[in-house]
Amino acid sequence: MRSKAVAPELMSRVIRFHAHGGPEVLHMEEEQVAAPQAGEMRVRIEAIGLNRAEAAFRSGKYLESAQFPSRLGYEASGIVEALGEGGVGFAPGDAVCVIPAFSMTRYGVYAERANVPASAVLRRPPELSATTAAALWMAYLTAYGALVDIAQLGKGDAVVITAPSSSVGLAAIQLANHLGAVPIAVTRSPHKREALLAAGARHVIVHETASATTAEVMQASGGEGVRLVFDPIAGPEVDTLAAMLAPQGTLIVYGNLSGAGDSTPFPFREAVGKGLSLRGYLVFELIRDPQRLQAAEAFIRDALRRKAIQPTISRIFPFAQIIQAHRYLESNQQLGKVIVEVLSQPIH
Ligand SMILES: NC(=O)c1ccc[n+]([C@@H]2O[C@H](COP(=O)([O-])OP(=O)(O)OC[C@H]3O[C@@H](n4cnc5c(N)ncnc54)[C@H](OP(=O)(O)O)[C@@H]3O)[C@@H](O)[C@H]2O)c1
């Protein structure tokens with residue numbers, strides 16, 4: 001297919017940063033939109049789902065390094081506007097979601113229009129509005145990859161979910177319930193207890209001291225410990241988490257909210273004594289494997305159709321308030337996803 005000609009005056013407002021720092025380094029700038037290259041498509045963005053990874057990237061503490069001026073943003077929903085060479089399976093006007101399968105500095109989706117790799121585009125589930133769809137894929141693909149694809153959690157299996165009010169934590173609670181497993185939320189925020197119970201956590205344990213938290217988890221899991229711990233905090237508390245696991249249990253560490261990831265201990269006594277599996281995990285391992293991604297996508301779409309899952313939105317900001325949205329993301333007040341609406345009116 002030939003690449004479509006783009007009017008030279010086609011412009012887009014885009015968020016960029018020129019140096020690492022706090023939310024205030026984010027600037028709204030105008031740029032001329034390039035035609036999508038081979039294997040890319042241009043998406044008119046309707047809503048952006050914010051991820052903690054983007055705050056880390058902005059601050060210079062992420063896996064990928066920014067090249068300045070840098071774009072950012074992994075996840076969005078929108079409408080296909082144009083296809084580059086080889087763009088098959090989609091047509092202009094299709095409602096889609098962009099999933100995190102690319103370099104942020106190059107393809108970041110904090111913009112009115114973004115060219116993204118076609119491999120990072122999925123059809124928007126018909127059950128969801130553009131705003132809600134922007135809260136779907138990062139959270140549920142990440143949680144699915146750990147709970148289903150890796151740990152193969154089943155009926156009655158207990159799972160400890162730390163940072164449970166994060167978008168991924170809430171997705172994990174919903175998926176655990178869908179699997180018939182027992183989600184145990186371990187939060188450091190006592191005021192979120194009722195909301196986490198309402199969100200489906202079977203038990204909510206407020207983390208105070210390591211020994212008290214471990215004792216409460218052991219009790220909640222019937223005395224044996226849990227089959228899985230799903231943790232995005234890392235750092236010294238990993239020793240405590242290993243103590244909560246049943247023999248042959250699995251600890252999946254998938255983030256560094258503590259900032260102490262590099263000094264995460266190896267919990268020797270627990271790991272060897274109980275034959276634990278300790279694993280690092282990035283959702284990219286799932287997304288880059290077409291078969292695993294296909295299975296994940298089918299599972300999540302089916303769960304949505306059955307109303308077993310529903311993305312939780314904490315707060316919605318307009319595009320012009322991207323700085324405030326990042327401040328809120330890092331305030332840890334949220335319960336679920338922070339969304340930025342780029343178009344307040346749907347365009348179809
Ligand atoms: N590996 C992957 O592929 C992958 C994919 C997606 C996300 N992640 C990671 O998953 C984590 C959650 O992402 P998100 O975008 O869903 O985050 P988010 O919504 O911004 O998560 C905020 C929540 O995390 C908890 N939290 C924040 N700082 C903490 C700290 N220092 N110690 C303990 N808990 C803390 C708090 O929950 P409570 O108040 O309930 O304790 C807070 O409300 C991030 O670390 C992110 O990088 C990893």
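Throughout, residue positions are numbered sequentially from 1 according to the sequence presented. Ligands are counted one by one from 1 in listed order, and the atoms in each one are counted from 1 as well.
Proximity to Leu329 (heavy-atom distance under 4.0 Å) selects the following atoms of ligand 1: 20 (O). Every atom of ligand 1 is numbered from 1 in the order shown, and the set under 4.0 Å from a heavy atom of Pro164 is 40 (O). Listed by number with element, the atoms of ligand 1 under 4.0 angstrom from any heavy atom of Gln334 are 18 (P), 19 (O), 20 (O), 22 (C), 43 (O).
The aromatic rings of Tyr281 and Phe230 sit tilted relative to each other, their planes meeting at an angle between 30° and 60°. Below 30°, between 30° and 60°, or above 60°: for Tyr74 and Phe102 the angle between ring planes is between 30° and 60°, a tilted geometry. Using bins of under 30°, 30° to 60° and over 60° for the plane-to-plane angle, the ring pair Phe317/Tyr328 lands in the tilted bin.
Between Asn51 and ligand 1, a contact under 3.5 Å exists for no N or O pair. Taking any N or O of Ser189, backbone or side chain, at least one lies under 3.5 Å from an N or O belonging to ligand 1. Between Val283 and ligand 1, at least one N/O pair is under 3.5 Å apart.
Atom 7 (C) of ligand 1 has Val168 CG2, 3.7 Å as its closest protein atom, hydrogens excluded (heavy atom only). Scanning the protein heavy atoms around atom 13 (O) of ligand 1, the nearest turns out to be Arg52 CB, 3.8 Å. In this structure, atom 5 (C) of ligand 1 lies nearest to the protein heavy atom Thr142 OG1, 3.3 Å. Remark: minimum distance from atom 30 (C) of ligand 1 to any protein heavy atom is reached at Arg188 NH1, 3.2 Å. Of the protein's non-hydrogen atoms, the one nearest atom 33 (C) of ligand 1 is Ile233 CD1, 3.3 Å. Of the protein's non-hydrogen atoms, Asn332 OD1, 3.5 Å is the one closest to atom 42 (C) of ligand 1. Atom 37 (O) of ligand 1 has its closest protein heavy atom at Ser165 OG, 3.1 Å. Here the protein heavy atom with the shortest distance to atom 43 (O) of ligand 1 is Lys192 NZ, 2.9 Å.
One finds no salt bridge joining Glu208 and Arg188 here, because no Lys/Arg side-chain nitrogen approaches an Asp/Glu carboxylate oxygen to under 4.0 Å. The pair Glu81-Arg113 counts as a salt bridge, with a side-chain nitrogen and a carboxylate oxygen less than 4.0 angstrom apart.
By the criterion of a heavy-atom distance under 4.0 Å, neither the backbone nor the side chain of Phe284 is placed next to ligand 1. Under 4.0 Å from ligand 1, the heavy atoms of Met138 that appear belong solely to its side chain.
Atom CG in Leu147 sits 10.5 Å away from atom CG in Asp149 (nearest 0.5 Å). Residue Ile309 holds its CD1 atom at 9.0 Å from CG of Asp302, rounded to the nearest 0.5 Å.
Between Val121 and Met41 the shortest side-chain heavy-atom distance falls below 4.5 Å.
For atom 23 (C) of ligand 1, the nearest non-hydrogen atom from the set Ser166, Gly235, Ser167 comes from Ser166. For atom 24 (O) of ligand 1, the nearest non-hydrogen atom from the set Asp231, Leu257, Ile161, Val186 comes from Leu257. When the options Tyr254, Tyr74, Tyr62, Phe230 are ranked by their closest heavy atom to atom 10 (O) of ligand 1, first place goes to Tyr254. For atom 11 (C) of ligand 1, the nearest non-hydrogen atom from the set Ala260, Pro232, Ala135, Gly259 belongs to Pro232.
In terms of the side chain to side chain contact (heavy atoms under 4.5 Å, CB included) criterion, Glu224 has no residue partners (sequence neighbours excluded). With sequence neighbours excluded, the residues forming a salt bridge (Lys or Arg N to Asp or Glu O under 4.0 Å) with Arg123 are Asp94, listed by chain and number.
Glu330 pairs with exactly one of Arg58, Arg52, Lys61 by the salt bridge (Lys or Arg N to Asp or Glu O under 4.0 Å) rule, that one being Arg58.
Glu216 and Thr213 share no side-chain donor-acceptor pair at under 3.5 Å.
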